[in-house]
There are 2 protein chains.
Amino acid sequence: MDSQFLKKLGLKATLPRIKILEILESAGTARHMSAEDVYKALLEHGEDVGLATVYRVLTQFEQAGILTRHHFEGGQSVFEMDEGKHHDHILCTRCGRVDEFLDPTIEERQKAIADKFGYSMTDHSLYIYGICKECRKTEKA
Amino acid sequence: MDSQFLKKLGLKATLPRIKILEILESAGTARHMSAEDVYKALLEHGEDVGLATVYRVLTQFEQAGILTRHHFEGGQSVFEMDEGKHHDHILCTRCGRVDEFLDPTIEERQKAIADKFGYSMTDHSLYIYGICKECRKTEKA
DNA sequence: AACAACAATGCAAAAGATTATCATTTGTTT
DNA sequence: AAACAAATGATAATCTTTTGCATTGTTGTT
C-alpha cells in the first residue's frame, strides 16, 4: 500500500500524495510528466487536487529521492519516477519521444573530468536531441 | 567594426545590437550571461536599451549562430558567445563558477548512442554539477 | 472513538522569466 | 532628403512556479 511507502519516507499519507503517487507509478511508457500533466491526469481521474499541491508534492518526492526533475529544453520541468537505475535521455525535438540510455564510458569520463577540474561531482545531466526514425520518415512528405 | 559583422548576418546595424555585441565580446571570463545580466551591463555603460530588446537581440544572435543559449539549473537561460569550438560545462552549485571542457570520447559515444536508437542527432547538452575546490575549502568552516 | 497538535491543502495572489502588442523611432535604400 | 520597412521601448500579457493564509486532514495519544 502506498500509504506505508509514504510513511517510510517521513511523509504523512495524505490523499493528494497517494493519488499523485498512483498517477506516477501507472504512467507507463510516457512517464516523463510535467506538473501540469500530473494535474490534468488527476482531474481526469476525478480527483480534486490543487495545482499548487501538485508542485509541492512533486518537490517533496524529489527531495525524498523517489523521483527526478529534468529540465528539458523549452520551459517547464518534467518529473520521472526513479526506478533505481540512473540513466540519461535522448529525445526527439519533433514528436517529443523520449528514450533512455546508460553509457558506462560516459559516466566514467564525467567523473574523470570532475576530478581533473577539482570538483566533487554531485550531479550531472546529459540530453541528446535529435529527430527519431519515425519523424524522419514523415518529414519527407 | 561590429556593424559590418552584423550586416553579414543579415541584421541591421542598430545601436542596441552593436552595444549588446560589445558587452558579450568583452565579457571575458564571466561570459555566461543571462538576459538580465546583459541588460544590467548595458545600463552600467550608460546605454538605454529596453529589456525586451535584449531578449529579442539575444534570440536573433542565437538564430544567427553566433551565440549559444544554455539552460542551466534554476530558472533563467544564460547566453554565451560562440568562439568556434563546441564544449560542455561543469559548474559549481555553490558559487556559480563555470568551467568548460571537451571530451572526444564522450562526443563519440553520444553519436554512437544516437545511431543506436535511430535518431539523427541535432544537438546535445551535458552539464556536470558539483562543488569546486574553493567552495569545499570554505565549507569546512 | 474522540482530541489536540501540527502538518498539509486549496485558493488566490505574487513572483520571476520571457514574449507579444503597438505606437514611435531608426536604419537602409533610392 | 524622402520613403519604406524593420527595430525599438514601454507596457501588458503569458506561462510556470512559489507563497501566504485560512481551513481541513492526519497522526499519536487518551
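Chain A is the first sequence line, chain B the second, and so forth, proteins listed ahead of strands; every chain is numbered from 1.
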Practice item. Could you tell me whether a side-chain N or O of A:Arg136 sits under 3.5 Å from a main-chain N or O of B:Gly118, the two making a donor and an acceptor? Key: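 Looks like yes, one N/O pair under 3.5 Å.
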Find the distance [X]:[atom1] to [N]:[atom2] and express it as a whole number of Å.
X       : N      : atom1 : atom2 : answer
A:His71 : C:dA17 : NE2   : P     : 14 Å
B:Asp37 : C:dT18 : CG    : C1'   : 15 Å
A:Leu43 : C:dC11 : CG    : P     : 11 Å
B:Gln4  : C:dT28 : CD    : C1'   : 13 Å
A:Gln76 : D:dT14 : CD    : P     : 18 Å
B:Leu51 : C:dA17 : CG    : P     : 10 Å
A:Gln60 : D:dT19 : CD    : P     : 13 Å
A:Ile18 : D:dG25 : CD1   : C1'   : 12 Å

Nearest to side-chain heavy atoms of [X], which nucleotide of [options]:
X       : options                : result
B:Lys12 : C:dG10, C:dT28, D:dT27 : C:dT28
B:Ala52 : C:dA12, C:dA20, C:dT28 : C:dA20
A:Tyr55 : D:dG9, C:dT18, D:dT16  : D:dT16
A:Thr14 : D:dT8, C:dT9, D:dT27   : C:dT9

Practice item. Could you check A:Gln76 against A:His71 for side-chain hydrogen bond (donor to acceptor under 3.5 Å, both in side chains), going step by step and ending with a plain yes or no? Key: CA-CA 7 Å; A:Gln76 80 266 62; A:His71 301 87; over 6 Å; no
Check your understanding: Mapping B:Leu11 and B:Arg69 to their closest nucleotides on DNA chain C, which lands nearer the 5' end?
Key -> B:Arg69
Review point. When the nearest nucleotide of DNA chain C is assigned to B:Val78 and to A:Val57 on a heavy-atom basis, which residue is associated with the more 5' position?
Key: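 In this pair, the answer is A:Val57.
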Practice item. Give a yes or no on whether a donor-acceptor pair under 3.5 Å exists between the nucleobase atoms of C:dG27, that is its base, and the side chain of B:Arg17. Key: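 No.
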Check your understanding: Do you know the tightest heavy-atom contact between A:Ile18 and A:Ser3?
Key ->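 Scanning both residues, the minimum pair turns out to be CD1-CB, 4.2 Å.
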Exercise for review: May I ask you to evaluate whether A:Lys7 reaches the phosphate of D:dT26, defined as a side-chain N or O under 4.0 Å from OP1 or OP2?
Suggested key: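 So the side-chain polar atoms of A:Lys7 never come under 4.0 Å of the phosphate oxygens OP1 or OP2 of D:dT26.
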Practice item. Indicate, with a heavy-atom threshold strictly under 4.0 Å, whether B:Thr53 touches base, sugar-phosphate, or nothing. Key: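 Contact class for B:Thr53: base.
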Exercise for review: Just call it for A:Ser77: base, sugar-phosphate, or nothing, with non-hydrogen atoms closer than 4.0 Å on any strand.
Suggested key: sugar-phosphate
**Study point:** Nearest-nucleotide comparison on DNA chain D, the residue closer to the 5′ end among A:Ala35 and A:Arg56
**Key:** A:Ala35
**Study point:** N-O pairing of A:Glu134 and A:Lys137 below 4.0 Å
**Key:** yes
Practice item. Compute the ring centroids of A:His89 and A:Phe72, then answer whether they are less than 6.0 Å apart. Key: yes
